[in-house]
Amino acid sequence: MKQNNNPQNKAQELLDKFGLDDIIDIPMSDFVSGIDLIYMEEPLKNCDGKIIFGDKKTIIKVDSQIEFEQRKRFVAAHEIGHAVMHHNMSLSDDIFSNFNLFKNVEKQLRSGQQEVEANLFASELLMPTRLFKKEAKGKFSPLLIKQLSEKFNCSLTAVSFKYMEMNLHPICLILTERGRVKYWKKSEDLHVFVKECTKLAPPSDSVAMEYLQQNYKFIYNFEEKAQPINKSTWFELKPYDEDSDFYEYCIPTKSHQTILSIIWEDYSHTC
């Protein structure tokens, strides 16, 4: 049974209920306790988090073996989303493959719309739109994504999806998993035609392919992370198109064998 919830509104309502503009400096264990849920970290097998609905209390569990605190925060916020929007509904344990923020692939997710809603809720809870928009002013660059990640204590990946969804600058996100392109999504204002690339290896002249060939190592210093590519690397060229200059910035995650490519056009011919 599907519930009619707007995840972003639900997250903002929760913040408003407790008089909070954001929870950037609040440990997730404290926040979960403050909204009358029980927070636990323990080793979990084959999942990042789970929620247990009890008669009197709801328990949120996060895998204590997760390496990065930013990811633990997102997992916890995701489970809070389930607690707020999906109480007593049948839910599977949340594994890494369910933590993608592409709104248009819910049919491919094992638990469908509920997982998409919980991810959108988590994104808004950790990075409230009003504050994010204020902090995200300025020219798009890998440095801006890094600064937003540090400001909101969220992963580079989560920040990139939030930035793209808000259409703050025309960008395209392409996720490569285990050597094959899995999903892509772009800002509304990026007027390009993405090549047929799903289930294929990244293009040979892409930065993503460089990272694959180097086994996900960080092959560029931060000031070099925006690498120049041609428009034709990832996008179709129509008869009226020029093969203009674009940039590709990759976020590799070796432990999950993923590469997130962020691609945008070079309007000023400067990086």
Handout entry: Identified salt bridge (Lys or Arg N to Asp or Glu O under 4.0 Å) counterpart of Glu124 within the set Lys162, Lys10, Arg130
Key = Lys162
Exercise for the section: Ignoring hydrogens and angles, state whether a donor on the side chain of Glu242 or Tyr240 is under 3.5 Å from an acceptor on the partner side chain. Expected result: no
Practice task
Would you kindly confirm whether Leu200 and Val192 end up in one hydrophobic cluster when ILVMFWY residues are joined by side chain heavy atoms under 4.5 Å apart?
Solution key: no
Problem - Exercise: do Gln12 and Asp16 side chains pair donor with acceptor under 3.5 Å - result: yes
Practice task
Taking the six-membered ring for Trp and the full ring for Phe, Tyr or His, determine whether the centres of Tyr163 and Phe140 are under 6.0 Å apart.
Solution key: yes
Exercise for the section: Taking the six-membered ring for Trp and the full ring for Phe, Tyr or His, determine whether the centres of Phe218 and Tyr211 are under 6.0 Å apart. Expected result: no
Practice task
Establish whether Ile35 and Met85 are linked, either directly or via other cluster members, by ILVMFWY side-chain heavy-atom contacts under 4.5 Å.
Solution key: yes
Problem - Distance-only side-chain donor-acceptor flag, Glu177 / His256, under 3.5 Å - result: no
Problem - Side-chain H-bond candidate by donor/acceptor type, Ser261 with Glu248, under 3.5 Å - result: yes
Exercise for the section: Return the orientation label for the His78 and His82 ring planes: parallel under 30°, perpendicular over 60°, tilted otherwise. Expected result: perpendicular
Exercise for the section: Would you check if there is a donor-acceptor pair between the side chains of Tyr247 and Glu265 at a distance under 3.5 Å? Expected result: no
Exercise for the section: Would you please test Tyr39 and Phe31 for ring pair (Phe, Tyr, Trp, His ring centres under 6.0 Å) and show each step? Expected result: CA-CA 9 Å; Tyr39 180 89; Phe31 182 73; over 10 Å; no
